[in-house]
Amino acid sequence: MARGTPPTLSDDQKAAHGRLSAMLAKAGIDLATGSLMPPGKSTAVMAVLGKAGSGKTLLLAQLYQALRAAGVEIVSGDYESRRKRERRSLAILAPTNKAASVLRMRGVPATTIHRVLYTPVYDPEYEKIAEWLAGKGDKPVTDLLPDAALDRAAAFYAQHASVPGALASAGLRGSDFITGWKRRDEPLDIGFVDESSMLDKRQLDDLREIFPTLVLFGDPAQLAPVGQSGEMVFDALPDPDRIVLSRIHRQARGNPILDLAHALGDPHLQFEDFERMVEDAAARDDRVVMAGRVEADLMARSPVLVWRNATRIRLIQAFRAAHDAPADALLPGEPLICDGLELPLKHRKRRLDLEARGLIKGAQVVFLGPGRRDGFARLHVVGAPEPQVSAASIIKIEHPDEEEPFIPSAARMGAAFLHGAAVTIHKAQGSQWPAVQVFAPDLYAAARAGRSEAGLPLWMRLAYVAITRAEERLHWVTRYRLGKPTVPLGIDDLAVPAAPDLIRELDPDLALQQPEQG
């Protein structure tokens with residue numbers, strides 16, 4: 001058996017593995033023999049496409065294991081040692097922290113696209129420690145950290161392979177050892193991009209500048225990025241560069257959620273007929289639930305998925321009212337969605353620092369409490385390797401029939417947030433939750449509207465994306481009703497740092513007083 005070809009792959013996965021192995025062999029990496037050649041000048045882009053359950057992630061994971069076994073260096077995004085030019089490398093990327101965390105939970109060391117486009121600049125003294133942790137140098141003799149702290153950092157790195165996390169375990173904050181961020185000025189080698197249906201053309205162009213060899217993994221049945229007329233970046237690739245996985249992998253067989261997702265491939269299916277299919281699935285299997293109301297308890301960590309903004313705002317207000325949340329403040333445990341950065345473009349360093357910590361548009365965040373200064377909020381960034389952060393924040397609470405949102409917390413500039421108890425299906429792409437509530441009346445409204453996207457009724461694409469966000473259980477909500485919460489909001493379920501000062505404060509004003517790095 002060829003090295004790196006596992007016996008568990010299906011026939012179409014084996015064929016895809018073979019085509020990608022041939023692509024890598026042309027780039028100088030022979031998975032059959034494990035031999036590596038210095039990188040050449042050739043470039044190639046291929047896409048692996050398939051619906052949910054077709055085994056894209058399994059194939060990606062198997063290729064990662066084969067490349068690692070061959071000696072290819074894995075680029076993590078949090079620290080890179082100074083590599084020789086001939087060393088081969090692989091970066092596994094996703095558009096958001098949540099999407100990257102889904103891969104990390106499956107043993108694949110993924111990072112965000114942003115963390116590869118921009119690299120941290122380490123203080124030279126701490127760089128020696130980072131090199132040692134990464135196995136590229138001897139244990140340093142330094143006054144920066146006592147031996148016991150260095151040993152703690154080494155133990156953390158051995159388990160989690162994160163230099164910033166290791167240094168944090170030794171009692172440091174990011175601002176102690178990261179002096180800035182710079183745009184990557186040298187290309188990398190091989191890039192795997194998951195959830196590539198979320199990419200826009202500009203992001204793909206950025207990636208093609210960095211990676212001579214690029215593989216996109218995507219689901220053509222999802223929703224295209226807003227503003228791209230229903231097209232996805234891999235649609236422009238020639239047919240020989242597109243690999244389609246059509247078989248549902250055996251581990252996905254018998255999953256009623258995926259059965260429903262694939263039923264949506266019939267363009268003649270009507271909404272009423274599909275809802276009867278959901279009802280039948282619920283009668284057979286408790287992984288599908290026909291729900292007469294939204295459950296407030298689930299909304300705290302798994303947003304209700306809707307189509308219309310008006311529905312989203314009303315559900316958020318109902319959620320806050322059910323928890324007796326005050327109109328002028330947030331309760332610890334309330335979910336938020338990052339709505340972008342309200343920073344002038346000239347403040348490049350501050351923007352990069354916020355984005356590098358996961359505060360990018362669409363990021364899911366949980367409010368932990370107010371920061372130590374006005375306008376700051378302590379936050380848990382869902383899916384980020386270092387989730388705890390205190391940031392200058394502009395938090396907006398929207399109300400029905402009101403153009404301007406209420407802002408209970410606002411800095412002069414910083415990360416902007418909307419409430420996250422309900423989100424649009426577009427914003428949910430790339431994320432998964434153990435249990436997902438899909439607000440069916442909105443999908444019915446989309447069906448009545450008669451709109452299409454890329455040749456398929458819009459309600460079908462919305463339904464497909466929404467129900468495939470569920471890992472274990474799908475709640476198909478049929479009525480405008482909200483169940484009362486059975487437990488109060490809280491943050492006990494979130495990992496909290498051992499010491500409060502390990503939460504790094506991200507202050508635009510302070511950052512502007514520091515010189516630009518790189």
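Residues take their numbers from the sequence shown, with the count starting at 1.
Looking at residues two or more places apart in sequence or on another chain, you find a salt bridge (Lys or Arg N to Asp or Glu O under 4.0 Å) between Glu295 and Arg293.
Counting only heavy atoms from C-beta outward, the side chains of Arg242 and Asp235 approach each other to under 4.5 Å. Trp476 has its side chain within reach of Glu275: a pair of non-hydrogen atoms, C-beta onward, lies under 4.5 Å apart. In this structure, Leu199 and Ile113 have side chains that are in contact, with non-hydrogen atoms separated by less than 4.5 Å. Under the 4.5 Å side-chain criterion, counting only non-hydrogen atoms from C-beta, Leu207 is in contact with Leu93. Residues Asp200 and Gln203 meet the side-chain proximity criterion, which asks for heavy atoms closer than 4.5 Å. Between His380 and Gln388 there is a side-chain heavy-atom pair separated by less than 4.5 Å. No side-chain heavy atom of His475 sits under 4.5 Å from any side-chain heavy atom of Val294. Proximity of Trp307 to Thr311: side-chain heavy atoms (C-beta onward) are nowhere separated by under 4.5 Å.
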Point to revise | Asp266 and Met460: CA distance, side-chain angles, deciding distance, side chain to side chain contact (heavy atoms under 4.5 Å, CB included) verdict | key: CA-CA 9 Å; Asp266 178 3; Met460 287 187 175; 5.7 Å; no
Check your understanding: Where do Val102 and Glu195 land on the side chain to side chain contact (heavy atoms under 4.5 Å, CB included) test, with the steps shown first?
Key -> CA-CA 11 Å; Val102 171; Glu195 297 288 353; over 6 Å; no
**Study point:** Glu398 and Asn309: CA distance, side-chain angles, deciding distance, side chain to side chain contact (heavy atoms under 4.5 Å, CB included) verdict
**Key:** CA-CA 10 Å; Glu398 300 157 289; Asn309 267 318; 5.7 Å; no
Practice item. Show the numbers, then the answer: is there a side chain to side chain contact (heavy atoms under 4.5 Å, CB included) between Val193 and Phe234? Key: CA-CA 11 Å; Val193 186; Phe234 44 70; over 6 Å; no
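Between Arg301 and Asp493 the shortest heavy-atom distance is NE-OD2, 2.9 Å. Here the closest non-hydrogen pair linking Leu489 and Gly333 is CD2-O, 3.8 Å. Considering all non-hydrogen atoms of both residues, Ser390 and Phe376 come closest at OG-CD2, 3.7 Å. The heavy-atom pair separating Val48 from Leu59 by the smallest distance is CG1-CD2, 4.0 Å. Pairing each heavy atom of Val108 with each of Ala61, the nearest pair is CG2-CB, 3.8 Å. Smallest separation of non-hydrogen atoms from Leu298 and Ala435: CD2-CB, 4.2 Å.
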Pairs under 3.5 angstrom only: tabulate donor-acceptor contacts from the side chains of residues 416-425 to other protein residues two or more places apart or in another chain.
| from | atom 1 | to | atom 2 | distance (Å) |
| --- | --- | --- | --- | --- |
| His419 | ND1 | Ala421 | N | 3.2 |
| His419 | NE2 | Glu334 | OE1 | 2.6 |
| Thr424 | OG1 | Lys427 | N | 3.4 |

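Annotation: the span from Leu216 atom CG to Asp241 atom CG amounts to 10.0 Å, rounded to 0.5 Å. One distance of note links OH of Tyr64 with CG of Leu103; it measures 11.5 Å at 0.5 Å rounding. The NZ atom of Lys361 sits 13.5 Å away from the OG1 atom of Thr96 when rounded to the nearest 0.5 Å. Between the CG atom in Leu237 and the CE atom in Met46 there is a gap of 9.0 Å [rounded to 0.5 Å]. The structure places CD1 of Ile190 at 10.5 Å from CD1 of Ile92, a figure rounded to the nearest 0.5 Å. Here the straight-line distance linking atom CE of Met277 with atom CG of Leu264 works out to 7.5 Å at 0.5 Å rounding.
Side chain of Arg308 to backbone of Asp442: no donor-acceptor contact under 3.5 angstrom is found. Side chain of Gln429 to main chain of Leu223: a donor-acceptor pair is present (N/O by atom type, distance under 3.5 Å, no hydrogens or angles). Without hydrogens or angle criteria, Arg461 side chain to Gln222 main chain gives a donor-acceptor distance under 3.5 Å. Under the 3.5 Å distance criterion, the side-chain polar atoms of Arg469 are matched with a main-chain donor or acceptor of Val465. Under a 3.5 Å cut-off, the side chain of Ser196 and the backbone N or O of Phe217 do form a donor-acceptor pair.
The aromatic rings of Tyr444 and Phe271 lie tilted to each other, with the angle between the two planes from 30° to 60°.
With respect to the salt-bridge test (charged N to carboxylate O, under 4.0 angstrom), the residues Asp205 and Arg202 do not qualify.
Under 3.5 Å, the side chains of Asp219 and Ser197 contain no donor-acceptor pair of N or O atoms.
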